[in-house]
Amino acid sequence: MSPGLHVHQCTQLLRAAIQSGSCRTLHMSPRSAAKEYYDVVVVGGGAGGITMSARMKRKVGAGKVAVIEPSETHYYQPMWTLVGGGAKKLASSARPTSSVIPSGVKWIKSEVKGFDPEKNCIRIDDDKEISYKYLIIALGLKLQYEKIKGLPEGFNYPKIGSNYSVKTVEKTWKALQDFKKGNAIFTFPNTPVKCAGAPQKIMYLSEEYLRNTGKRANANFIFNTSLGAIFTVKKYADALLEIIKERNIQVNYKHSLIEVRPDLQEAVFENLDNPGETKVFQYEMLHVTPPMGPPDVLVNSPVSDAAGWVDVSKDTLQHKKYPNIFGIGDCTNLPTSKTAAAIAAQSAVLDKTISLVMNNQSSSAKYDGYTSCPLVTGYRKVILAEFDYSLQPLETFPIDQGKERRTMYHMKADMMPFLYWQLLLRGYWGGPAPYRKLLHLGMK
């Protein structure tokens, strides 16, 4: 090969690498040189990641979409409230991840180690790099039990559980069954949380269980919450306060759990209205809702805001800086409650947003902040809370959803799992918005 031809080939290579904007460099080890490209890469194989990978595969075709997820098992986590209350089995919430990855979508079983949005690539295990044309971030959030002194090792003791982790949800049911006499304490942390109603749902189930088993007279129910209100939407808060009064439950606002002493069965709370002031509670049963935050890979990432959440438009879910990046679900800074119902509504909007972006058009889709929380208040009763960004009710059914209803319990326990597995994860359920107007008109 002549020197002139060699220089020409190197020049062509360099130009191609620059134009591609990919992760390629001229100095790569054989391992790091191995890379993959997909039109759409979805980071995270939870509810948001799977539903968007299904939608994107239909949009761009088989073999052009990859989802990156390390876990072998996919869980329907809204079921865990009922698992902790003994109404469902943990196994019913689980399916192999391989069974929910859409056909024609590549499953990359790995963790994400970093983002390089300027070069349209991400780094995964073994320093392997994946490049993309479009990126959807659906990483969920991180449970931070370790921020409470004495946890998570405290879960090795009896009488303490948490419905937020697959490792501890069955411990809640065991603590409830073993209850004898004393305080049953339920906590709410001083951080963003997913499914903000869940910390009190298990309280109502536990209270009914102890009534049904003749132990209620020996139980003192306490809800210690970091918040200053029982619920953010007044209509549902008023209904919950009536239930709390009827069932003789004590609520302590601005109380944040900072330590658990499981050997002594003591929980230490800080008074947020007077920082540094603490109070020790003895417990016979303790349900812990852990502090939560963004996954480590998002903290100080170029795709995140200062708090570590993916920085997206609250209307379109498109990244505020990088137009080919999008976010969905718990990992984003969308100012709405982090629920599976919110993800369903977001997925419909994001689908439209990405379609328009792919066609070089500005997105006209708009997410209104819809979210839903089926507030389980008993083994056969639910208040179906639905609301928007402005914390105003945005209800689907032409009835008063501020009342406890048996029909809504069956929807929570039976219908919603079907919607999740059969429709949402397959990219066919975008929330109730298309049906809301029809249902209300049908009752006029």
Side-chain angles (χ1 to χ4, degrees), residues 42-52 67-71 73-81 84 93 97 111-115 122 135-148 151-152 162-169 187-199 201-202 225-227 232 256-257 287-312 314 317 319 325-347 350 367 369 371-373 420 424-425:
V42 181
V43 179
I50 297 299
T51 189
M52 289 313 301
V67 58
I68 303 173
E69 169 57 49
S71 302
T73 307
H74 181 104
Y75 293 98
Y76 176 57
Q77 295 180 34
M79 184 74 75
W80 290 352
T81 285
S93 71
T97 298
E111 290 188 3
V112 175
K113 301 298 185 181
F115 295 88
I122 56 178
L135 174 67
I136 300 173
I137 305 175
L139 281 170
L141 50 65
K142 180 185 178 184
L143 304 179
Q144 299 173 326
Y145 288 104
E146 71 280 359
K147 288 196 171 184
I148 300 170
L151 294 182
S162 175
N163 288 356
Y164 276 86
S165 169
V166 67
K167 298 176 181 178
T168 56
V169 60
T187 75
F188 192 108
N190 190 29
T191 66
V193 299
K194 56 181 175 181
C195 194
K201 295 177 192 180
I202 185 59
T225 173
S226 296
L227 302 179
T232 53
S256 178
L257 179 65
H287 177 268
V288 177
T289 300
M292 302 178 203
D296 292 340
V297 71
L298 291 178
V299 177
N300 298 318
S301 167
V303 299
S304 304
D305 65 13
W309 306 103
V310 180
D311 196 16
V312 296
K314 73 182 187 68
L317 284 75
H319 198 276
I325 296 179
F326 311 86
I328 186 171
D330 297 351
C331 68
T332 67
N333 59 3
L334 295 170
T336 194
S337 189
K338 299 177 185 295
T339 68
I343 288 172
Q346 291 165 22
S347 71
L350 186 50
Y367 174 51
T371 190
S372 175
C373 183
Y420 184 85
L424 177 63
L425 294 190

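Atom set for the values below is all heavy atoms of this structure, side chains included, hydrogens, waters and symmetry mates excluded. Please read all numbers here as calculations on a predicted model, not as lab measurements.
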To check you understand the geometry: which heavy-atom pair defines the closest contact between Asn163 and Gly84, and what is its length? OD1-CA, 3.5 Å
What's the shortest heavy-atom distance between Leu424 and Thr51, and which atoms? O-OG1, 2.6 Å
Are the side chains of Leu151 and Pro290 in touch, meaning some heavy atoms are under 4.5 Å apart? no
Is there a side-chain contact (heavy atoms from CB on, under 4.5 Å) between Met292 and Asp330 once you walk through the steps? CA-CA 10 Å; Met292 302 178 203; Asp330 297 351; over 6 Å; no
Is the terminal nitrogen or CZ of Lys338 (NZ for Lys, CZ for Arg) located under 6.0 angstrom from the six-membered ring centre of Trp309 and within 45° of that ring's axis? yes
Do Thr339 side-chain atoms and Thr371 backbone N/O form a donor-acceptor pair below 3.5 Å? no
Which atoms form the tightest heavy-atom contact between Gly114 and Val297, and what is the distance? N-CG2, 3.7 Å
Can you tell me how far OG1 of Thr225 sits from CG of Asn190, rounded to the nearest 0.5 angstrom? 9.0 Å
Minimum heavy-atom distance Leu425-Ile50, with the two atoms named: O-CG2, 3.4 Å
Between Thr81 and Ile202 (side chain of the first, backbone of the second, donor and acceptor by atom type, cut-off under 3.5 Å), is there such a pair? no
Tell me, do Gln77 and Lys194 make a side-chain contact under 4.5 Å, heavy atoms counted? yes
Mind checking the CD1-CG spacing from Ile343 to Leu334? Nearest 0.5 Å is all I need. 10.5 Å
Met52 vs Phe326 side-chain heavy atoms within contact, under 4.5 Å: no
Using modelled atom types and a 3.5 Å cut-off, is there a donor and acceptor pairing between side-chain atoms of Thr97 and backbone atoms of Ser71? yes
For Pro335 and Lys314, work out which heavy atoms get closest and say how close. CD-CB, 4.0 Å
Between Thr73 and Val166, does a side-chain contact (heavy atoms from CB on, under 4.5 Å) hold up when you go through it step by step? CA-CA 11 Å; Thr73 307; Val166 67; over 6 Å; no
Does some side-chain heavy atom of Ser162 sit less than 4.5 Å from a side-chain heavy atom of Tyr145? yes
Is it the case that atom NZ in Lys113 sees more than 12 heavy atoms from other parts of the structure closer than 6.0 Å? yes
Look up atom CG in Asn333 and atom CG in Asp305, then write down how far apart they are to the nearest 0.5 Å. 4.5 Å
How many angstroms lie between CG in Leu298 and CG in Asp311, if you round to the nearest 0.5 Å? 11.5 Å
Can you confirm whether Lys201 sits close enough to Cys195 that some side-chain heavy atom of one is under 4.5 Å from a side-chain heavy atom of the other? yes
Measuring only between side-chain heavy atoms, which start at C-beta, is Tyr164 closer than 4.5 Å to Pro199? yes
Contact check, side chains of Leu141 and Pro192, non-hydrogen atoms, under 4.5 Å: no
Of all heavy-atom pairs linking Gly308 and Pro294, the shortest is O-CB, 3.1 Å
Quick one: does any side-chain atom of Thr191 pair with a main-chain N or O of Pro291 as donor and acceptor, under 3.5 Å? no
Just one of Ile136, Val312, Val303, Val43 clears the side chain to side chain contact (heavy atoms under 4.5 Å, CB included) bar with Ile325, so which one? Val303
